[in-house]
Amino acid sequence: MLFVGLLLPAAAVRAPERELPRFDLVVRRARIVDGAGGPWYRGDVGVRDGRIAAIGSLEAAECARVVDADDRVLAPGFIDGHTHVEENLPDSPDAENLIADGVTTVVTGNCGSSELSIGDWFAHLEA
């Protein structure tokens, strides 16, 4: 059996320095339910420029702000596929009631009682 070896100085094989990921916000130690149908898992979520930029173990990441989820559930926004938001949105324009339930997207107008022109409805809301 023939063995050929090559010894290099440690500096020659050192991995190049990598930049640590940088986030505006990291939510640590969350139970993540990602909506893909699998079971929840523990991890961190990194947010940059208002968007989720990474999910996983982000212990080494640099971040401007850290929130400890303390094993709470973190999930993407929920879609409410049947809502009558046009009835209560004028009285609650920030939709606090929906946001408190984790709803970030609504589908409306599917009952036939909504404003026919979405442009007219938005004009009504603006007024």
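Side-chain atoms are counted along with the backbone in the values below, which use heavy atoms only and exclude waters and symmetry mates. Please read these numbers as outputs of a predicted model, since none were measured by experiment.
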- prompt: What pairs meet the salt bridge (charged side-chain N to carboxylate O under 4.0 Å, His left out) rule with one or both residues in residues 29-38, with sequence neighbours excluded?
  reply: R29-D68, R29-D70
- prompt: Should the heavy atoms of other residues, nucleotides or ligands under 6.0 Å from CD of E96 be counted, would the total exceed 12?
  reply: yes
- request: Could you list all the ring-ring contact (aromatic ring centres under 6.0 Å, His included) pairs where at least one residue sits in residues 50-89, not counting sequence neighbours?
  value: H82-H84
query: Heavy atoms, side chains only, cut-off 4.5 Å: are D49 and D24 in contact?
result: yes
task: Give the C-alpha distance, both sets of side-chain angles, the deciding distance and a yes or no for side chain to side chain contact (heavy atoms under 4.5 Å, CB included) between V26 and V47.
output: CA-CA 6 Å; V26 171; V47 177; over 6 Å; no
statement: Distance col, row I118:CD1 vs E86:CD, nearest 0.5 angstrom, shows 9.0 Å
task: Looking only at non-hydrogen atoms, find the nearest pair between V106 and T83 and report the distance.
output: CB-CG2, 3.6 Å
- request: Enter the distance from L74:CG to D44:CG here, rounded to the nearest 0.5 Å.
  value: 10.0 Å
task: Might you work through the side chain to side chain contact (heavy atoms under 4.5 Å, CB included) test for V33 and W40, ending with a clear yes or no?
output: CA-CA 5 Å; V33 179; W40 65 267; 3.7 Å; yes
Reported CD1-to-CG distance for the pair I99 and D94, which is rounded to 0.5 angstrom: 7.0 Å
message: Walk me through whether V45 and I52 qualify under side chain to side chain contact (heavy atoms under 4.5 Å, CB included).
response: CA-CA 7 Å; V45 175; I52 293 174; 4.0 Å; yes
- prompt: Nearest 0.5 Å, what's the CG-CG distance between D80 and L98?
  reply: 6.5 Å
message: Contact between R42 and D71 at the side-chain level, heavy atoms closer than 4.5 Å - yes or no?
response: yes
- prompt: Which pair of heavy atoms, one from F23 and one from A53, lies closest together, and at what distance?
  reply: CE2-CB, 3.7 Å
statement: Applied to residues 101-127, the ring-ring contact (aromatic ring centres under 6.0 Å, His included) test, sequence neighbours excluded, yields none
- prompt: Linking I/L/V/M/F/W/Y whenever any side-chain heavy atoms sit under 4.5 Å apart, do L25 and L58 land together?
  reply: no
query: For I55 and Y41, what are the C-alpha separation, side-chain angles and deciding distance, and is it a side chain to side chain contact (heavy atoms under 4.5 Å, CB included)?
result: CA-CA 11 Å; I55 300 174; Y41 54 93; 3.7 Å; yes
Heavy-atom side-chain contact between S92 and N97 under 4.5 Å: yes
statement: d(I32 CD1, R72 CZ) to nearest 0.5 Å is 15.0 Å
Within-4.5 Å side-chain heavy-atom neighbours: R28 and C63: yes
query: Above 12 or not: heavy atoms from other molecules or residues under 6.0 Å from CG of L125?
result: yes
